[in-house]
Amino acid sequence: QVQVVESGGGSVQPGGSLRLSCAASGSIFSIYAMGWYRQAPGKQRELVAVVTSGGSTNYVDSVKDRFTISRDNAKNTVYLQMNSLKPEDTAVYYCNAQLSRNWYENRMDYWGQGTQVTVSS
């Protein structure tokens, strides 16, 4: 079994900051990438940021220069530091881990339950 658990969501005023955390645990052989997605009401889920095991990162254009993704490989944990938050950042944020449970298994996607981020004055 693999568990992916997020924490750190909440409500903040425009211009504020939040830090999300996500930990993967359980029967894990190797994690290839971890990332954050978000889904706003009435919209499709979109990739926000991703970091590979080698440290390469990628961001959606709308969050570049405001959000920073980082990863602690020893703890199977990924963080998303969100600064200068805007009302349009309001969404449920989901953590994703691409991993394999043993050496012979293809990588699979595992998702957290999601954490709400609300940016409002």
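In this structure, CG in Leu99 is found 11.5 Å from OG in Ser53, a value given to the nearest 0.5 Å.
Two residues are said to be in side-chain contact when any heavy atoms from C-beta on lie closer than 4.5 Å; Phe67 and Val48 meet this criterion.
Contacts classified as salt bridge (Lys or Arg N to Asp or Glu O under 4.0 Å) and involving residues 8-23 (residues at least two apart or in different chains) are not found. Residue pairs meeting the salt bridge (Lys or Arg N to Asp or Glu O under 4.0 Å) criterion with at least one partner in residues 39-60, sequence neighbours excluded, are Arg38-Glu46.
In terms of hydrophobic clustering, with Ile, Leu, Val, Met, Phe, Trp and Tyr side chains grouped at heavy-atom distances under 4.5 Å, Trp111 and Leu47 are assigned to a common cluster. Put simply, Trp36 and Val50 are part of two different groups of oily side chains (I, L, V, M, F, W, Y) that touch within less than 4.5 Å, one to the next. Hydrophobic clustering (ILVMFWY, side-chain heavy atoms < 4.5 Å, transitive): Val60 and Ile69 are in one cluster.
Val119 is linked by a side chain to side chain contact (heavy atoms under 4.5 Å, CB included) to Val12, Pro14, Leu85, Pro87, Asp89, Thr90, Val117, counting only residues two or more places apart in sequence or in another chain. With sequence neighbours excluded, no residue satisfies ring pair (Phe, Tyr, Trp, His ring centres under 6.0 Å) with Tyr59.
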Table please: side-chain donor-acceptor pairs of residues 26-33 below 3.5 Å, with sequence neighbours left out.
| residue | atom | partner | partner atom | Å |
| --- | --- | --- | --- | --- |
| Tyr32 | OH | Ser100 | OG | 3.1 |

Return all side-chain donor-acceptor pairs below 3.5 angstrom for residues 74-83, not counting sequence neighbours, or 'none' if the list is empty.
| residue | atom | partner | partner atom | Å |
| --- | --- | --- | --- | --- |
| Thr77 | OG1 | Lys75 | O | 2.8 |
| Gln81 | NE2 | Asn83 | OD1 | 2.9 |
| Asn83 | OD1 | Ser17 | OG | 2.9 |

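Heavy atoms only, all atoms of each residue included: Ala97 and Val4 are closest at CB-CG2, 4.3 Å.
Without hydrogens or angle criteria, Glu6 side chain to Gln113 main chain gives a donor-acceptor distance under 3.5 Å.
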